[in-house]
Number of protein chains: 4
Amino acid sequence: MFILNPGSGIPIYRQLVEQIRRLVAGGQLQPGDCLPSVRELASTHAVNPMTISKAYNQLEAEGILVRRRGRPMEVAARPTQADTPGQLLEPQLDELIQAARQLGVEVDTLPELLDDYLRQLRKEKSS
Amino acid sequence: MFILNPGSGIPIYRQLVEQIRRLVAGGQLQPGDCLPSVRELASTHAVNPMTISKAYNQLEAEGILVRRRGRPMEVAARPTQADTPGQLLEPQLDELIQAARQLGVEVDTLPELLDDYLRQLRKEKSS
Amino acid sequence: MFILNPGSGIPIYRQLVEQIRRLVAGGQLQPGDCLPSVRELASTHAVNPMTISKAYNQLEAEGILVRRRGRPMEVAARPTQADTPGQLLEPQLDELIQAARQLGVEVDTLPELLDDYLRQLRKEKSS
Amino acid sequence: MFILNPGSGIPIYRQLVEQIRRLVAGGQLQPGDCLPSVRELASTHAVNPMTISKAYNQLEAEGILVRRRGRPMEVAARPTQADTPGQLLEPQLDELIQAARQLGVEVDTLPELLDDYLRQLRKEKSS
DNA sequence: GTGGTCTAGACCACA
DNA sequence: GTGGTCTAGACCACA
């Protein structure tokens, strides 16, 4: 369900937090929807339950998830979410642009380069 | 010279390593070019010298930089660099695509969205 | 420095949080004052470092403490602290009154009873 | 009938145990008096029956309550109760004093402060 | 030296 | 079944 990369340098719990935040912002997780239990997520991603728990705690503190005794965590009725999907994409856009500049890739060619990359992904998938 | 973000979750020394790797791969740092001294970088970025040193050490171990007694670190004559600029952009492309998917942003619209974003940046800059 | 009671039913990290909150509210910990390191507190109270860390994290999230790399935690310059000392005492006053009622102790006699108790404590101390 | 606070950090069953213990010590529950059924208490306090049951079990083990087949729990004929009401108030008194000290409130002023607080409560009630 | 992250695992409270 | 707390201990990033 989530993509957790332990070698990326970004703490696992932060990766989880960001992904859930995006799924809620994008409406793929709706208010009232339940999240996988701590134990379930931990075992499917081969990660310690406390790591998952830490992510859930942070999202609760942010008002995005709510905790109810004996129940799985669920998306808050009115999740605090000032950011729009567009804003939540900016960090990735900025990262891409920064990397391109440092690689000497002309920034104006990035949209085309991205387009090619997507096409290539689609081809791999279909083959 | 570099963009170091202490709050990003990614260790500072790793941010440095990746940026220098890209500058070398993209040819903006050429074989024989000198890098700023540990002390200088440390003070301009308000970071501990050991953090810079750790990044330089790792790049030396990778064969990208060479250290010569009493001289600043410099880019290796034939920097080991299997990856092409294109490959070095893939992580950022993948991140962007993953984030878009989780936000419910149609992936096909990403190139256009990126184009708009670049246009907007240019406008801000010129104003 | 702190009074941690593992058998009280109240999680240790919560006991710590409440006590630090009070020390800050009462001015015994001033903005800029350092707190004991996680390891130090952990060893003097025979408690796991992560338990202390959890308390510090919560206080940072509340804006009462600030964290600076490689430095001990310190009291925030302008600690978020809407509550006055008087308000922070109410839970204990309410607990006392509730207990008295259930014990059939006439509530009006509580101030006198408290006075006696304090006198007794002073006597024990001096003897 | 009881005051159960799920957010206090103290387990609900412990809150119940302490309150019943006080009601018995203070004579408001007399030997032979019946307690509400597990189901009734559970529904009036919106709590799981097992939680109530756990409290009753503990009080039975302490010899304060007795269980008789098909009958509601009742207060034991000679409830084991070494503590006097005065002793049962000490934890609350100690908590109050500790909190005051940490808040920098002069301990000698506590009785007066408590008196004021009680007066204020009475006023609110009558208005 | 400082704090942070993570694990493996025990045990608790609650539904 | 759910999540919470805590431990002992390893290892990391940073000053």
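Letters A, B, ... are given to chains in the order of the sequence lines, protein chains preceding strands, and every chain is numbered from 1. Note that the structure is a prediction, hence the values are computed from the model and not measured.
Straight-line distance from the CZ atom of A:Arg14 to the P atom of E:dC6: 11 Å, rounded to whole Å. Rounded to an integer number of Å, the gap from CE of C:Met50 to C1' of F:dA8 is 11 Å. Atom CG of C:Leu65 is separated from atom P of E:dT2 by 16 Å (rounded to the nearest Å). Rounding to whole angstrom units, CD1 of residue D:Ile12 and P of F:dG3 are separated by 17 Å. Taking atom CG of C:Leu16 as the reference point, atom P of F:dC6 lies 10 Å away to the nearest angstrom. The nearest whole Å value for the distance from the CG atom in A:Asn48 to the P atom in F:dG3 is 14 Å. The distance between atom CG of A:Asn57 and atom P of F:dT2, rounded to the nearest whole Å, is 17 Å. Atom CZ of A:Arg68 and atom P of E:dC14 are 17 Å apart (whole Å).
For the pair B:Leu41/B:Leu16, a side-chain contact is recorded, criterion being any heavy-atom separation below 4.5 Å from C-beta on. Contact of the C:Ile52 side chain with the C:Tyr13 side chain is not registered, since no non-hydrogen atoms from C-beta on lie closer than 4.5 Å.
At the phosphate of F:dT7, OP1 or OP2 sits under 4.0 Å from a side-chain N or O atom of C:Thr51. C:Tyr13 has no side-chain polar atom (N or O) that falls below the 4.0 Å cut-off from OP1 or OP2 of F:dC6. In this model, the phosphate group of F:dC14 is not approached by any side-chain N or O of B:Lys54 to a distance below 4.0 Å at OP1 or OP2. Regarding contacts with the backbone of E:dT2, a side-chain N or O of C:Ser37 is found under 4.0 angstrom from either OP1 or OP2. Regarding contacts with the backbone of F:dG3, every side-chain N or O of A:Tyr56 stays at 4.0 angstrom or more from both OP1 and OP2.
Side chain to side chain, C:Glu62 and C:Gln58 meet the donor-acceptor criterion of an N or O pair below 3.5 Å.
Checked against E:dG3, E:dT5, F:dA15, the side chain of A:Pro11 finds its nearest nucleotide in E:dT5.
Dense packing is recorded around CZ of D:Arg67, with more than 12 heavy atoms of other residues, nucleotides or ligands lying under 6.0 Å away.
If you find the closest nucleotide of DNA chain E to D:Pro49 and to C:Ser53, the one lying nearer the 5' end belongs to C:Ser53. Along DNA chain E, the nucleotide nearest to C:Glu60 and the one nearest to A:Arg71 differ in position, and the one closer to the 5' end is contacted by C:Glu60.
Residues D:Ala99 and C:Leu89 come closest through the heavy atom pair CB-CD1, 3.7 Å. The shortest non-hydrogen separation linking A:Pro49 to A:Val38 is O-CG1, 3.4 Å.
Within 3.5 Å, a donor on the side chain of C:Arg39 pairs with an acceptor on the base of E:dG3, or the reverse.
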In dot-bracket notation, what is the pairing pattern of DNA chain E, taking Watson-Crick (N1-N3 plus N6-O4 or O6-N4) and G-U wobble (N1-O2 and O6-N3) contacts under 3.5 Å, with [ ] crossing and | for other strands? ||||||||||||||.
